[in-house]
Enquirer: 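This is the structure I want to talk about, given as structure tokens.
Residues: numbered from 1 along the sequence shown. Quantities reported herein were computed from a predicted structural model and do not represent experimental measurements. These values consider heavy atoms only, across backbone and side chains, with no hydrogens, waters or symmetry-generated copies.
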Amino acid sequence: MDANSDKPVVIVTGSTSGIGRGVAELLLSKGWRVVVNSRSDQEVGEGMAALSDDMIFARGDISNPQDCAQVVETAVATWGRIDGLVNNAGTTAYVELDDIEGVTAEVWHRVLDVNVIGTWQMISAAMPHLKAAAPGRIVNIASVAGLRPIGSSVPYSVSKVAIVHMTSILGKVLGPDVLVNAVAPGFIDTDMTKDLAQEPILAAIPLGRLGKPEEVAGAVRFLAADPAAAYMTGQVLQVDGGMVMR
């Protein structure tokens, strides 16, 4: 693989399915070199990478700082640079918001270790290379659950509030070297939503349907790659069919 190419390089965490895969495939189609990542879907990731010389797979659990460093090292060893980071990897727990006893310390740790600390560890590991890109771009995947008191559980919603605030703070302090923005999806048609009751969800969405992964990917591509987003940092784009208005 040509490490001297001028093609920009992006890491997309949690990118073997759903929103992350949509982001990885769209950025690849727009001329980016893409590092696909997953904690466990190695066969799927390697299958994706086999389809293009501009895509590689780096296995890693972002809750593990050593894995984060290894994902970054793989990108740099292969292509010599990192221009963008899309923090998509995340997890949740399905516990009713009023079920206080149902949320144990173990649930809190599991969700926050991935969604918040894992995102931070990826940013920290990639930061020297993102600064060298001048400007590098970070896009964090938040959620409408980080903007309104809704969500699959209190820990999940709190984790997404943290991502929104992390985006604002880093947008404030890292410019002009690195731009930091976020996308907040609503209910998107992925494996995570297929088993949820559809009727009450659709009633809460003014556009009357679930979103598609490629629609979220389009917003990520704008923030990660479009020259028109070069004067944006610390912002959150909502891709939710208007859900937060209700």
Enquirer: Could you pull out the closest heavy-atom pair between I205 and G241, with the gap in Å?
Expert: CG2-O, 3.6 Å
Enquirer: Nearest 0.5 Å please: distance from the OG atom of S63 over to the CZ atom of R110.
Expert: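 Interatomic distance, S63 OG to R110 CZ, rounded to 0.5 Å: 11.5 Å.
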Enquirer: Does S153 use its side chain to pair, donor to acceptor, with the backbone of A93 at less than 3.5 Å?
Expert: yes
Enquirer: Quick one: are L202 and L210 in side-chain contact, heavy atoms under 4.5 Å?
Expert: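 Side chain of L202 against side chain of L210, heavy atoms only: contact under 4.5 Å found.
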Enquirer: Strictly distance-based, threshold 3.5 Å: is any side-chain N or O of S159 a donor or acceptor partner for the main-chain N or O of Y156?
Expert: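 Pair found, side chain donor or acceptor close to backbone of Y156.
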Enquirer: Could you check whether any side-chain heavy atom of M243 comes within less than 4.5 Å of a side-chain heavy atom of F187, counting everything from C-beta outward?
Expert: yes
Enquirer: Okay, side chain of K160, backbone of I141: is any donor-acceptor separation there less than 3.5 Å?
Expert: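 Here the side-chain-to-backbone pair exists.
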Enquirer: When clusters are formed by joining ILVMFWY residues with side-chain heavy atoms under 4.5 Å apart, either directly or through shared neighbours, do M232 and I169 land in the same one?
Expert: no
Enquirer: Could you give the distance from OG (S15) to CG (L28), rounded to the nearest 0.5 Å?
Expert: 11.5 Å
Enquirer: Find the distance between CD (E73) and NE2 (H129) and round it off to the nearest 0.5 Å.
Expert: 9.0 Å
Enquirer: Do the side chains of T78 and R33 get nearer than 4.5 Å, heavy atoms only?
Expert: no
Enquirer: For I19 and P185, which heavy atoms make the closest approach, and how far apart are they?
Expert: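 Nearest heavy atoms, I19 then P185: CD1-CG, 4.1 Å.
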Enquirer: Would S52 and D54 count as a side chain to side chain donor-acceptor pair (under 3.5 Å) if you check the C-alpha gap in whole Å, the side-chain angles of each, and the deciding distance to 0.1 Å?
Expert: CA-CA 5 Å; S52 173; D54 287 336; 4.7 Å; no
Enquirer: Given 3.5 Å as the limit, does a donor-acceptor pair link the side chain of N37 with the main chain of G60, or not?
Expert: yes
Enquirer: Look up atom CD1 in I150 and atom CG in L97, then write down how far apart they are to the nearest 0.5 Å.
Expert: 9.0 Å
Enquirer: If you define the side chain from C-beta out and look only at heavy atoms, does anything of V114 sit under 4.5 Å from V111?
Expert: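 SC-SC contact between V114 and V111 ruled out.
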Enquirer: Looking only at atom types and distance, does a side-chain atom of S143 sit under 3.5 Å from a main-chain N or O of A184, one as donor and one as acceptor?
Expert: no
Enquirer: Is the shortest side-chain N to carboxylate O distance from D67 to R59 below 4.0 Å?
Expert: yes
Enquirer: Count I, L, V, M, F, W, Y as connected when their side-chain heavy atoms are under 4.5 Å apart, and connections chain through other members. Are L179 and L223 then in the same cluster?
Expert: no
Enquirer: Take M127 and V72 through the test side-chain contact (heavy atoms from CB on, under 4.5 Å) and record every step on the way to the result.
Expert: CA-CA 10 Å; M127 187 54 58; V72 168; over 6 Å; no
Enquirer: Report the C-alpha separation of D99 and E101 in whole Å, then their side-chain angles, then the decisive distance to 0.1 Å, and conclude whether the side-chain contact (heavy atoms from CB on, under 4.5 Å) test is met.
Expert: CA-CA 6 Å; D99 183 3; E101 293 78 10; 4.0 Å; yes
Enquirer: Atom CE in M122, atom CD1 in I11: separation rounded to 0.5 Å?
Expert: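 Nearest 0.5 Å value for the CE-CD1 distance: 4.5 Å.
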Enquirer: When you measure from the side chain of D61 to the backbone N and O of R39, does any donor-acceptor pair fall under 3.5 Å?
Expert: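 No, the answer is negative, given that no donor and acceptor are paired below the 3.5 Å cut-off.
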Enquirer: Tell me the closest heavy-atom pair linking G151 and S157, and the distance in Å.
Expert: CA-OG, 3.5 Å
Enquirer: Between Q121 (side chain only) and I62 (backbone N and O only), is there a donor and an acceptor less than 3.5 Å apart?
Expert: yes
Enquirer: For the side chain of N181 and the backbone of Q235, is there at least one donor-acceptor N/O pair under 3.5 Å apart?
Expert: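 Such a contact is found between N181 side chain and Q235 backbone.
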Enquirer: Which heavy atom of V107 sits nearest a heavy atom of P155, and at what distance?
Expert: CG1-CG, 4.0 Å
Enquirer: Does V35 share a hydrophobic cluster with V76, counting links as ILVMFWY side-chain heavy atoms below 4.5 Å and allowing steps through other members?
Expert: yes
Enquirer: Considering non-hydrogen atoms only, spot the tightest contact between A145 and V161 and give its length.
Expert: O-CG2, 4.4 Å
Enquirer: Within the supplied structure, the quantity of interest is the number of heavy atoms (other residues, nucleotides, ligands) at a distance under 6.0 Å from W108 CH2; does it exceed 12?
Expert: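 Result for CH2/W108: enclosed.
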Enquirer: Please report the shortest heavy-atom distance between R137 and F222, naming the atom on each side.
Expert: NH1-O, 3.8 Å
Enquirer: Salt bridge or not for R221 and D226, using N-O below 4.0 Å?
Expert: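 Looking at R221 and D226, the cut-off is met.
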Enquirer: For residues S38 and V44, determine if any side-chain heavy atom of one lies less than 4.5 Å from a side-chain heavy atom of the other.
Expert: no
Enquirer: In Å, rounded to the nearest 0.5 Å, how long is the span from CG of N140 to OG of S168?
Expert: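 The CG atom of N140 sits 10.0 Å away from the OG atom of S168.
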Enquirer: I'd like to check L130 versus I82 (side-chain heavy atoms, cut-off strictly below 4.5 Å). Are they in contact?
Expert: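 The answer is yes, as the side chains (C-beta and beyond) meet within the 4.5 Å cut-off.
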Enquirer: Would a 4.5 Å heavy-atom cut-off, applied to side chains only, mark L170 and W120 as touching?
Expert: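 Touching, per the 4.5 Å side-chain cut-off.
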Enquirer: Got a donor-acceptor contact below 3.5 angstrom from the E215 side chain to the P213 backbone?
Expert: no
Enquirer: Apply the side chain to side chain contact (heavy atoms under 4.5 Å, CB included) test between V180 and each candidate in T167, I123, N87; give the one that qualifies.
Expert: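 Testing each of T167, I123, N87 against V180, the sole residue satisfying side chain to side chain contact (heavy atoms under 4.5 Å, CB included) is T167.
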Enquirer: Is L237 linked to I188 within one hydrophobic cluster, defined over Ile, Leu, Val, Met, Phe, Trp and Tyr using a side-chain heavy-atom separation of less than 4.5 Å?
Expert: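 Hydrophobic grouping puts L237 with I188.
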Enquirer: Between L174 and I163, is there shared hydrophobic-cluster membership here, with clusters defined by ILVMFWY side-chain heavy atoms closer than 4.5 Å?
Expert: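 Yes; tracing contacts between hydrophobic side chains, which count when under 4.5 Å, links both residues.
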Enquirer: Would you confirm whether N88, through its side chain, and T13, through its main-chain N or O, come within 3.5 Å as a donor-acceptor pair?
Expert: yes
